[in-house]
*Asks:* 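Dumping the structure here so I can ask a few things about it.
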2 protein chains.
Amino acid sequence: MPTPSAGRRFKDAIYEQFARVAKALASAHRIELVDLLAQGPRTVEALAQLSEMSLANTSQHLQVLRGAGLVEATKQGLFVTYRLADGTVADLFLGLRGVAEGRLAEVDRIKREFLAERDQLEAVDERALRRRVRDGDVTLIDVRPREEYEAGHIPGAVSMPLPDLVKELATLPKKAEIVAYCRGPYCVLAVEAVSLLRKKGFRAVRLEDGILDWSAHGFRLEASGVK
Amino acid sequence: MPTPSAGRRFKDAIYEQFARVAKALASAHRIELVDLLAQGPRTVEALAQLSEMSLANTSQHLQVLRGAGLVEATKQGLFVTYRLADGTVADLFLGLRGVAEGRLAEVDRIKREFLAERDQLEAVDERALRRRVRDGDVTLIDVRPREEYEAGHIPGAVSMPLPDLVKELATLPKKAEIVAYCRGPYCVLAVEAVSLLRKKGFRAVRLEDGILDWSAHGFRLEASGVK
DNA sequence: ATATTATTCAAGCGATTATTTGAACTATGG
DNA sequence: CCATAGTTCAAATAATCGCTTGAATAATAT
């Protein structure tokens with residue numbers, strides 16, 4: 001084989017770097033971690049629990065992500081908190097998700113299959129939603145864990161983590177419509193929330209968007225101080 | 001190990017699909033193919049030549065990309081032409097490149113190292129460029145292969161493929177500034193064009209953007225009919 | 001100091017997977 | 001039927017992966 005030219009060596013080296021980023025994302029587990037971190041910073045332990053992986057394994061996958069510059073870690077006391085390095089990483093995740101949704105028929109199939117086991121859950125138009133939330137026409141609930149709500153949520157939303165939902169039923173309006181959202185189209189929290197609310201006689205629908213989609217559409221987010 | 005819940009199986013399946021897309025891009029060769037296809041449709045043979053891979057190898061990498069829904073193929077007579085499946089694929093490539101540029105120090109290092117062997121080539125502000133091209137203040141040349149120019153180019157640019165540049169020198173202004181561009185920041189065609197022009201006594205600078213960057217900034221492209 | 005907790009590191013295992021080349025094969029057109 | 005463009009297959013190599021286990025490190029509390 002001939003010795004490569006300088007231009008070829010340059011290209012190979014550059015494309016190899018781009019591939020490094022893709023390689024870091026070329027694992028379902030690591031993509032899940034990125035998805036979780038897009039909701040806000042998290043400790044290793046929390047990530048391990050949410051992703052249902054062992055602690056050591058979670059830690060290792062996080063190292064891989066860090067090696068590709070996708071996440072950053074800061075140590076506060078005993079805990080190491082990871083966060084996305086950059087807004088561009090969240091955009092990259094959205095891009096990946098978008099291509100998968102648009103180009104891989106399996107995504108639609110899997111989604112349909114899963115939702116078929118549950119109720120048929122129609123989506124909600126986010127443009128109309130914005131107006132109706134402002135007018136107090138609907139109650140918008142954020143059913144993610146409290147920390148994620150605090151790290152950023154849709155303006156006007158009330159935090160109501162799924163596990164607490166049953167206890168909080170009394171605070172919800174019986175007549176007005178309730179809209180629930182969580183991490184995004186593939187997060188099951190809102191699906192379960194709506195399912196539960198309907199069983200209890202409420203009028204509830206699900207918003208497919210998570211905060212990532214919401215802000216990608218150019219809308220603002222709101223954050224709370226840490227409790 | 002306990003049987004995974006329905007929600008977990010759903011998540012795993014979905015994230016696996018996202019990872020499929022990332023896996024397709026987790027190879028320097030395949031990213032180069034995507035980069036080339038972002039300039040316009042190409043036959044397998046052309047791609048093999050441009051990427052300096054064997055035909056069989058190129059074909060196989062293209063199959064992988066096709067399997068992930070990133071490219072599409074159409075057969076016209078003897079030739080199979082590949083193209084990006086979608087504008088979102090080009091965006092994904094830009095996202096990948098952007099993260100790599102922003103987060104991996106190596107990218108900058110490699111670039112600097114390569115350019116050091118050549119002249120120091122300053123970039124050009126594309127906002128000012130637009131105005132100056134419109135005013136006829138500069139001559140903008142597109143030094144990519146003719147087909148890529150025809151598939152889409154910056155408005156006002158003249159096609160002047162690098163191999164033909166020497167022959168065309170007479171048609172270029174001796175006094176006005178010449179701006180050369182090619183496929184993007186990591187394409188070496190414009191670097192060499194500027195280098196050559198300067199040696200011949202022209203005032204030439206390089207535009208880092210390729211058509212992908214140009215249209216990502218919201219500017220229009222122009223296309224020619226096939227010759 | 002010592003114990004405790006959170007995280008990382010190192011080693012190892014098993015298995016899979018990716019890359020590439022050359023040859024065989026298919027399809028198209030002259 | 002032959003040349004061309006592309007795909008596919010087989011095979012060899014190499015590499016990497018993902019996960020577990022157990023020890024190491026680091027910060028904090030007692």
Side-chain angles (χ1 to χ4, degrees), chain A residues 1-2 4 8 11-12 15-16 18-34 36-37 41-68 71-83 147, chain B residues 1-2 4 8 11-13 15-16 18-34 36-37 41-68 70-83 147:
Chain A
M1 63 204 82
R8 174 45 51 190
K11 281 184 206 165
D12 286 349
Y15 287 125
E16 192 58 53
F18 297 175
R20 259 178 80 188
V21 176
K23 275 182 190 142
L25 293 172
S27 138
H29 283 321
R30 288 196 292 273
I31 290 189
E32 178 167 9
L33 291 175
V34 169
L36 288 168
L37 288 171
R42 285 291 196 168
T43 64
V44 181
E45 201 177 34
L47 290 168
Q49 208 160 19
L50 291 166
S51 64
E52 301 175 47
M53 287 192 284
S54 78
L55 197 68
N57 201 19
T58 305
S59 176
Q60 283 197 131
H61 280 300
L62 287 168
Q63 306 306 319
V64 175
L65 290 173
R66 201 172 54 171
V71 305
E72 280 171 350
T74 54
K75 189 158 192 175
Q76 311 160 354
L78 278 179
F79 299 85
V80 176
T81 301
Y82 279 83
R83 75 199 71 236
E147 308 94 289
Chain B
M1 63 203 82
R8 172 46 52 189
K11 280 185 206 165
D12 286 349
Y15 287 125
E16 193 57 54
F18 297 175
R20 258 178 80 187
V21 176
K23 274 183 191 138
L25 293 172
S27 138
H29 283 320
R30 286 195 293 271
I31 290 190
E32 178 167 8
L33 291 175
V34 169
L36 288 168
L37 288 172
R42 286 291 196 172
T43 64
V44 181
E45 201 177 34
L47 290 167
Q49 206 160 19
L50 289 167
S51 64
E52 302 175 46
M53 287 191 285
S54 75
L55 197 68
N57 203 17
T58 304
S59 175
Q60 290 201 114
H61 280 301
L62 286 169
Q63 305 307 320
V64 174
L65 290 172
R66 202 173 53 170
L70 300 180
V71 305
E72 280 170 351
T74 54
K75 189 157 191 177
Q76 311 158 357
L78 276 180
F79 299 85
V80 176
T81 301
Y82 278 83
R83 72 200 73 237
E147 307 94 289

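Because the structure is a prediction, the values reported are computed rather than measured. Chain A is the first sequence line, chain B the second, and so forth, proteins listed ahead of strands; every chain is numbered from 1.
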*Asks:* With rounding to the nearest 0.5 angstrom, report the OH to CZ distance, Y82(A) to R66(A).
*Replies:*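 Rounded to the nearest 0.5 Å, the OH-CZ separation comes to 4.5 Å.
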*Asks:* Is the side chain of R42(A) donor-acceptor paired with the backbone N or O of A48(A) at a distance under 3.5 Å, no angle test?
*Replies:*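 Judged by distance alone, no pair lies under 3.5 Å.
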*Asks:* Rounded to whole angstroms, how far apart are CZ on F79(A) and P on dT7(C)?
*Replies:*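 Distance, rounded to whole Å: 6 Å.
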*Asks:* Could you state the interatomic distance from CD (Q76(A)) to CG (L78(A)), rounded to the nearest 0.5 Å?
*Replies:*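 Result: 11.5 Å between the selected atoms.
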*Asks:* Counting only side-chain heavy atoms from C-beta out, which of dA26(D), dT28(C), dT20(D) sits nearest to L78(B)?
*Replies:*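 Closest of the options to the side chain of L78(B): dT28(C).
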*Asks:* Measure the distance from CG on L33(B) to C1' on dT20(C) and round it to the nearest whole Å.
*Replies:*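 In whole Å, dT20(C) C1' lies 14 Å from L33(B) CG.
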*Asks:* What integer distance in Å separates Q49(B):CD from dG6(D):P?
*Replies:*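 That distance rounds to 11 Å.
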*Asks:* Polar-atom pairs under 3.5 Å, protein N or O versus N or O of nucleotides 12-19 of chain D: list them with distances, or write none.
*Replies:*
residue : atom : partner : partner atom : Å
dC19(D) : OP1  : H29(A)  : NE2          : 2.9
dC19(D) : OP2  : N57(A)  : ND2          : 2.9
dC19(D) : OP2  : H61(A)  : NE2          : 2.9
dC19(D) : O5'  : N57(A)  : ND2          : 3.1

*Asks:* Are the side chain of R30(B) and the backbone of A19(A) linked by a donor-acceptor contact shorter than 3.5 Å?
*Replies:*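 No, R30(B) side chain to A19(A) backbone: no donor-acceptor pair under 3.5 Å.
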*Asks:* Distance check: side-chain N/O of Y82(A) vs OP1/OP2 of dT8(C), anything under 4.0 Å?
*Replies:*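 For dT8(C), OP1/OP2 do have a side-chain N/O of Y82(A) under 4.0 Å.
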*Asks:* Mind calculating the distance between CD (Q63(B)) and P (dT7(D)) to the nearest angstrom?
*Replies:*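 Taking CD of Q63(B) and P of dT7(D), I get 5 Å after rounding.
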*Asks:* Nearest whole Å is fine: how far is dG22(C) C1' from L55(B) CG?
*Replies:*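 L55(B) atom CG is separated from dG22(C) atom C1' by 12 Å.
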*Asks:* Distance check, rounded to the nearest 0.5 Å: L37(B) atom CG versus L70(B) atom CG?
*Replies:*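 Spacing of CG (L37(B)) from CG (L70(B)) equals 10.5 Å.
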*Asks:* Can you measure L25(B) atom CG to dA18(C) atom P for me and round it to whole angstrom units?
*Replies:*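 One finds 14 Å between P of dA18(C) and CG of L25(B), rounded.
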*Asks:* Kindly compute the distance separating CG (L65(A)) from CD (Q63(A)), expressed to the nearest 0.5 Å.
*Replies:*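 With rounding to 0.5 Å, CG (L65(A)) is 9.5 Å from CD (Q63(A)).
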*Asks:* Specify the separation, in whole Å, of atom CD of E45(B) and atom P of dT28(C).
*Replies:*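 Taking CD of E45(B) and P of dT28(C), I get 18 Å after rounding.
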*Asks:* Can you measure L65(A) atom CG to dT8(C) atom C1' for me and round it to whole angstrom units?
*Replies:*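 My rounded result for the distance is 16 Å.
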